[in-house]
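Labels below follow one simple rule: chain letters A, B, ... track the order of the sequence lines, proteins then strands, and each chain is numbered from 1.
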Amino acid sequence: MSSEYPAREIERRWQQFWEEKGVFKTSPDPKNKYYVLVMFLYPSGDMHMGHARNYTIGDCICRLRKLQGYDVLHPFGWDAFGLPAENAAIEHNIPPWVWTFDSINLCRRNLKLLGIAYDWDREVTTCLPEYYRWNQWLFIRFYERGLAYRQEAYVNWCPRCQTVLANEQVIDGRCYRSSCAAPIEKKKLTQWFFRITSYAQELLDGLEELTGWPESVRTMQRNWIGRSEGVEVDFELDDGTRIPVFTTRPDTLYGVTFLALAPDAPLAETIAQGTPQQEAVREFCQRVLRQPEIERTAAHREKEGIFTGRYAINPLTREPVPVWIADFVLASYGTGMVMAVPAHDQRDFEFARKYRLPLKVVIQPRDRKLEPEMMTAAFTEPGIMVNSGPFDGLWSEEGIARVIAHLEAQGLGRRKVQYRLKDWLISRQRYWGTPIPMIHCPRCGIVPVPDDQLPVLLPPGVRDYKPKGKSVLAGVDEFINTTCPKCGGPAQRDPDTMDTFVDSSWYHLRYTDPHNDRLPFRREHADQWLPIDEYIGGIEHACGHLIFFRFFTRVLADMGMVSVREPCRVLRTQGMVSLAGKTMSSSKKHGVWVGPFVEEHGADCARLAVLFAAPPEKPMEWTDELVVGVKRFLARIWRLYEECLNTGVVSPDSIPVELDPDRFSAAERELYIHLNRTHQKVLQDAEGFQFNTAISALMEFLNRLYAFADRGSPVFGFALKRFVLLLAPFAPHLAEELWHRLEPGTDSLFTRRLPKYDERFLLFDTMEIPVQVNGKLRAKVTVSRFSSEAEVKAAVLNDPTVKGYIQDRQIRRIIYVPNRLINIVL
RNA sequence: GCCGGGGUGGCGGAAUGGGCAGACGCAAGGGACUUAAAAUCCCUUGACCCGUCAGGGUCGUGCCGGUUCGACUCCGGCCUCCGGCACCA
């Protein structure tokens, strides 16, 4: 009687309908805005079910909010610059943009196949000049504000990609690109940085208000920023050279027995000059710095060092202590020089034992006495200060403040807050990125490209994209040679391009005004939509993109370009999708692919499968069984509506707009209550990102519809129609098809408002009260919803089963939890 | 080592301002329809035990203890898995 569910035919028809009618175009004048953003895509080949999961989640929210009457902004774009395109270009000898746009076109087709409701008029592509010119414009604004600067430093160098990397792009000492993962080396280079550290405290404080973010991400950012409070203490070399060291333990200052410098600290180069140690120190530093970072900083590795031949004076004791170079000291943290207290710091302890340096106890535990020779590990807990001159006898935690006060009063040191976060290194020695809009003039120095000469275009006529240790653009004469905007003399362009994370740091703002050719975006437009109401993406961006875009938003707020200081109200991280135990990956060609899957099973099937399998934040394993259940669900819906409509039992005319509860039969009343409860639960769950339980509620209700005998009932028809609206965010194509069968010739159901559920009909007339005797479930008694406590107790005590358990024993207590449970304590 | 998040049937997962553990789905077993198969529909399905049936009992949410009339949920102590940071002075 009923036909097979023709998924593809239906989906094609309604996708075309939505596009023609412009159903998901963004309102130019939002009254009730809702900005749902899914992290844009790095186009690198085909799209798998991991992508489908991500974009379906966003789409489900978009459609739900639209049905609830919000003006939704749901845009999409392409994070289109980056190394893979360039590597593919080198490998296949095609320009990077060919590979990039092939991928983009493939992915756009896939997204349309899935029926994701983006407003394609707002599509953003970062590798187009109309986008990256604003990277350049913003870079110059940062430069003017002192937030972009150029500096020589030891930086992370990926020998395989032949470029520098940001700290955020070094994972376990290796290149962050999973297809590279080469061990990172340190190289001394002059590079461009963004001064994100001057926003460190703000970025930390801002986390407090981000209560809509997962706790894990907030914690990760807190640790990444890594704030510690302490003091910078000035030691002095015999010739008067100042050696400031940062410490969080000034209470141990009297226990310092040597100083240690990082091999790459600036002072390490000069300190041994003129001492007999000079040659040995130079060799040591060179040897240490040649090692890949991953080896040098491996945990539990034996520490190494060398004496410099010099001594420094402890500002409190006036005693001289030897100055060493030690490989465990980090140049990039604090001053790159530390005071060593072997008795109370484990690293210093190990180093001192190895090189037979003295150990001085200045903190004693309460319950025992430390003897320097007997110690097998540093004592790092608080205790009583000893051997510390005027501070003897103080509890060390109190001593910290006292010593700091003393140091400050004597001008020997100052309170300091130190962060682990480092400035963001943004220049890259690669081709496929935004050219840095700066000119190096032999007379005028560094000169920004004037705004009216932007964009600085990437030169297309490059023959060889292979990296050679310096930027590809440095070898393109017609690009690199230019004139100085200031003096008009010959000058050279900066040969580097920007980190692609610059592109993604403000794209959320560009979407609000995507075609602007005078500004990155207008404030009025940004303010209309920001903050992002729901941001969906992978947790791998927790300490990269998700910090960078917060930083950018704050800088832009300080520039008066936008009002919000935090870009995003609610963040949702989604779990990876794996196949046969391994994460799906386009570049590794491992996955279930969207195109073939949708052709075979349909888009609604793919959407329901990823939504129903698990809560969105959990990782999920893709299996064929996953598809069976949701496919059956779709077919069951289809069959029910076919049966009802084809037989004429239900017709568009027979469905009432309103119901009259006074005329309900008992069964109709029950169905209507189930409908309202389902409606409430689907909304609650979907708003809370629990799509799996929302869908299970829909499944349960479908089972009830099947079990309902009187299909001619107006309540049944009413329920059929409401069910379609509730289904719509999850399986929009099927819902739209059924909607038009119930209401032919009308507009898209997504232009409708979802009615409110009927609050009067959320509870059943009777309820089943579980009865416990001594905490064990023994019976269930059905009572009226309107029964008083006394009536419920009476009914329970009268129940024969319950009586059997009580017999003639004394009842000590009866605990009644209204509408939930009753417990009889004997 | 530090920080964060988990551990529930054969599987994916439900249920936490303490109150019926296992919703929904998959898989499995039995049955109906069919010449047969597919599809569909119905029943059973946490473990163990007692009972011929009807039915009844004990145990059960990583482990051990505690609080409570009552604990997957709260408290203390462990085990274990995943993720992040990791010589940060």
Between A:Glu600 and A:Lys631, is there a salt bridge with N-O shorter than 4.0 Å? no

OP1 or OP2 of B:C88 less than 4.0 angstrom from a side-chain nitrogen or oxygen of A:Arg227, does that happen here? no

Rounded P spacing from B:G62 to B:U58 in Å: 22 Å

Counting only non-hydrogen atoms, which of residues 334-344 of chain A are less than 4.0 Å from RNA chain B? A:Val338

Using the P atoms only, state how far B:U8 lies from B:U45, rounded to an integer number of Å. 23 Å

Sticking with atom C1', work out how far B:G65 lies from B:C79, rounded to a whole angstrom. 15 Å

Return yes if the base of B:A89 and the side-chain atoms of A:Arg347 contain a donor-acceptor N/O pair under 3.5 Å, otherwise no. yes

A cation-pi test, strictly: NZ or CZ of A:Lys186 under 6.0 Å from the centre of the six-membered ring of A:Tyr154 and no more than 45 degrees from its axis. Yes or no? no

Between B:C69 and B:G1, how many Å separate the two P atoms, rounded to a whole number? 40 Å

Polar atom pairs between nucleotides 1-3 of chain B and protein, under 3.5 Å, N or O only, would you list them?
none

Any base atoms under 4.0 Å from A:Val329, or only sugar-phosphate, or nothing? Heavy atoms, all strands. base

From B:C24, B:C88, B:C69, nucleotide with atom closest to A:Asn703 side chain: B:C24

Say we look at B:G46 and B:G29: how far apart would their C1' atoms be, to the nearest angstrom? 16 Å

Pair A:Asn703-A:Arg636, side-chain donor/acceptor within less than 3.5 Å: yes

Pairs under 3.5 Å (N/O, protein and nucleotides 56-60 of chain B):
{"residue": "B:G57", "atom": "OP1", "partner": "A:Arg778", "partner atom": "NH1", "Å": "3.3"}
{"residue": "B:G57", "atom": "OP1", "partner": "A:Tyr805", "partner atom": "OH", "Å": "2.2"}
{"residue": "B:C59", "atom": "OP2", "partner": "A:Lys776", "partner atom": "NZ", "Å": "3.2"}

For atom P, what is the distance between B:G77 and B:C3, given to the nearest Å? 13 Å

B:G13 phosphate, OP1 or OP2, under 4.0 Å from A:Ser696 side-chain N/O: no

Reading 5' to 3' and counting Watson-Crick or G-U wobble pairs with both distances under 3.5 Å, write the dot-bracket notation for RNA chain B, | for bases paired outside the strand. (((((((..(((......[....))).(((((.......))))).(((((....)))))..(((((..]....))))))))))))....

Please check if the distance between the ring centroids of A:Phe501 and A:Trp424 is under 6.0 Å. no

Would you please indicate if the ring centroids of A:Phe597 and A:Trp622 are separated by under 6.0 Å? yes

Using atom P in both nucleotides, what's the gap between B:A71 and B:C63 to the nearest angstrom? 15 Å

So A:Met576 and A:Lys582, do their side chains get closer than 4.5 Å, heavy atoms only? no

Dump every N/O contact between nucleotides 41-43 of chain B and the protein below 3.5 Å, one line per pair.
{"residue": "B:C41", "atom": "OP1", "partner": "A:Arg636", "partner atom": "NH1", "Å": "2.5"}

Tell me whether the NZ or CZ atom of A:Arg572 lies within the 45° cone about the ring axis of A:Phe689 and under 6.0 Å from its centre. yes

Could you tell me how far B:A28 sits from B:C11 if I compare only their P atoms? Round to whole Å. 15 Å

Closest listed nucleotide, where the reference is the side chain of A:Phe328 and the choices are B:A89, B:G84, B:A27: B:A89

Of the nucleotides B:A14, B:A89, B:C26, which one has an atom closest to the side chain of A:Phe246? B:A89

Any salt bridge linking A:Arg218 with A:Glu215? Criterion: basic side-chain nitrogen under 4.0 Å from a carboxylate oxygen. yes

Atom pairs, N/O to N/O, protein against nucleotides 19-22 of chain B, distance under 3.5 Å?
{"residue": "B:G19", "atom": "N2", "partner": "A:Gln772", "partner atom": "OE1", "Å": "3.3"}
{"residue": "B:G19", "atom": "N2", "partner": "A:Asn823", "partner atom": "ND2", "Å": "3.4"}
{"residue": "B:C20", "atom": "O2", "partner": "A:Lys780", "partner atom": "NZ", "Å": "2.3"}

Does B:G29 sit syn or anti, given that only angles within 90° of 0 count as syn? anti

